[in-house]
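This report concerns only the one structure given below.
Here is the naming used below: chain letters follow the sequence lines, and residue numbers restart at 1 for every chain.
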Amino acid sequence: MNHWLVKSEPFKYSFEQLLKDKKTIWDGVRNYQARNNLKAMSKDDLVLFYHSNEGKEIVGIAKVVKTFYQDPTTADPNWVVVELSPVKKLKKSVTLEEIKTTKSLNDIGLIKQGRLSVMPIKPEEFDQILGLAEEL
DNA sequence: GCCAACGTTGGC
DNA sequence: GCCAACGTTGGC
C-alpha cells in the first residue's frame, strides 16, 4: 500500500466537506507530476488531506476508493481524476510549522516541492505525521 | 498583497 | 533543444 498527500484550499474543498459528502471526485489537477501521482494510486491507499493557504495543516486521512479515469470536467485526455472517501479527521491537526521543526520530516515533498498538489509520502513519514497527530 | 519557486510556452 | 518570458501556487 502507498501513502499520499493531497492539498486543497479549504474554501474550495475542505476536509469537513468531504466528511459530509462521504466521497468526492478529485478533479482539477492540471500538473503532469501531480497527474502521474494520481495514476500511481491504488484502491485503499491512504491519503493525507492538507489545507493550503488557510490553516496550512494536515487535517485528516482519506483513502482511494476508485483509481484514475479520464477527468469528466475536460475533454483533454491528459487529465485524470480519482475518487476519495474520508477515513477520519485527525485528533490533532499537524501544522506545516510542526512538520518543518520535525527533523525526520525535513525531506517530505510538502516542504521540498511546495507547489506540488499531489505527492507520495514515505511510510515512515506517514507514521511520523500520525504520531504528531496523536493517532498512534 | 508580495514574492520566490517552479512549471509551461513559444521564439529562435 | 535551449532559454527567456510568463503564469500559477502557496507561504509569509
Tell me: [atom1] of [X] to [atom2] of [N], nearest whole Å?
{"X": "Tyr32(A)", "N": "dT8(B)", "atom1": "OH", "atom2": "C1'", "value": "9 Å"}
{"X": "Asn53(A)", "N": "dT8(C)", "atom1": "CG", "atom2": "P", "value": "15 Å"}
{"X": "Gln33(A)", "N": "dT8(C)", "atom1": "CD", "atom2": "P", "value": "19 Å"}
{"X": "Lys12(A)", "N": "dG10(C)", "atom1": "NZ", "atom2": "C1'", "value": "11 Å"}
{"X": "Glu9(A)", "N": "dC12(C)", "atom1": "CD", "atom2": "C1'", "value": "15 Å"}
{"X": "Trp79(A)", "N": "dT8(B)", "atom1": "CH2", "atom2": "P", "value": "7 Å"}
{"X": "Met119(A)", "N": "dT9(C)", "atom1": "CE", "atom2": "C1'", "value": "12 Å"}
{"X": "Asn31(A)", "N": "dT9(C)", "atom1": "CG", "atom2": "P", "value": "10 Å"}

Walk along nucleotides 1-7 of chain C from 5' to 3' and tag each nucleotide B, S or - by protein heavy-atom contact under 4.0 Å, base first, then sugar-phosphate.
------B
Among Thr95(A), Asp127(A), Val94(A), find the one that has a side chain to side chain contact (heavy atoms under 4.5 Å, CB included) with Leu132(A).
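Result: among Thr95(A), Asp127(A), Val94(A), Val94(A) is the only option passing the side chain to side chain contact (heavy atoms under 4.5 Å, CB included) with Leu132(A).
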Are any side-chain N or O atoms of Arg35(A) and backbone N or O atoms of Val80(A), one a donor and one an acceptor, separated by less than 3.5 Å?
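Here the side-chain-to-backbone pair does not exist.
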Suppose the criterion is side-chain hydrogen bond (donor to acceptor under 3.5 Å, both in side chains): which pairs have a residue in residues 50-66 of chain A, not counting sequence neighbours?
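Non-adjacent pairs meeting side-chain hydrogen bond (donor to acceptor under 3.5 Å, both in side chains): Glu9(A)-Asn53(A).
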Full working for side-chain hydrogen bond (donor to acceptor under 3.5 Å, both in side chains) between Asp76(A) and Thr74(A)
CA-CA 5 Å; Asp76(A) 188 337; Thr74(A) 175; 5.2 Å; no
With a 4.0 Å cutoff (strictly under), does any side-chain N or O of Lys7(A) reach OP1 or OP2 of dG10(C)?
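For Lys7(A), the contact criterion (side-chain N or O under 4.0 Å from OP1 or OP2 of dG10(C)) is met.
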Using only heavy-atom distances, determine whether the side chains of Asn37(A) and Gln33(A) contain a donor-acceptor pair under 3.5 Å.
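Note: Asn37(A) and Gln33(A) side chains miss the donor-acceptor criterion.
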hydrophobic_cluster_shared for Leu46(A) and Ile108(A), side chain cutoff 4.5 Å:
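Yes, same cluster.
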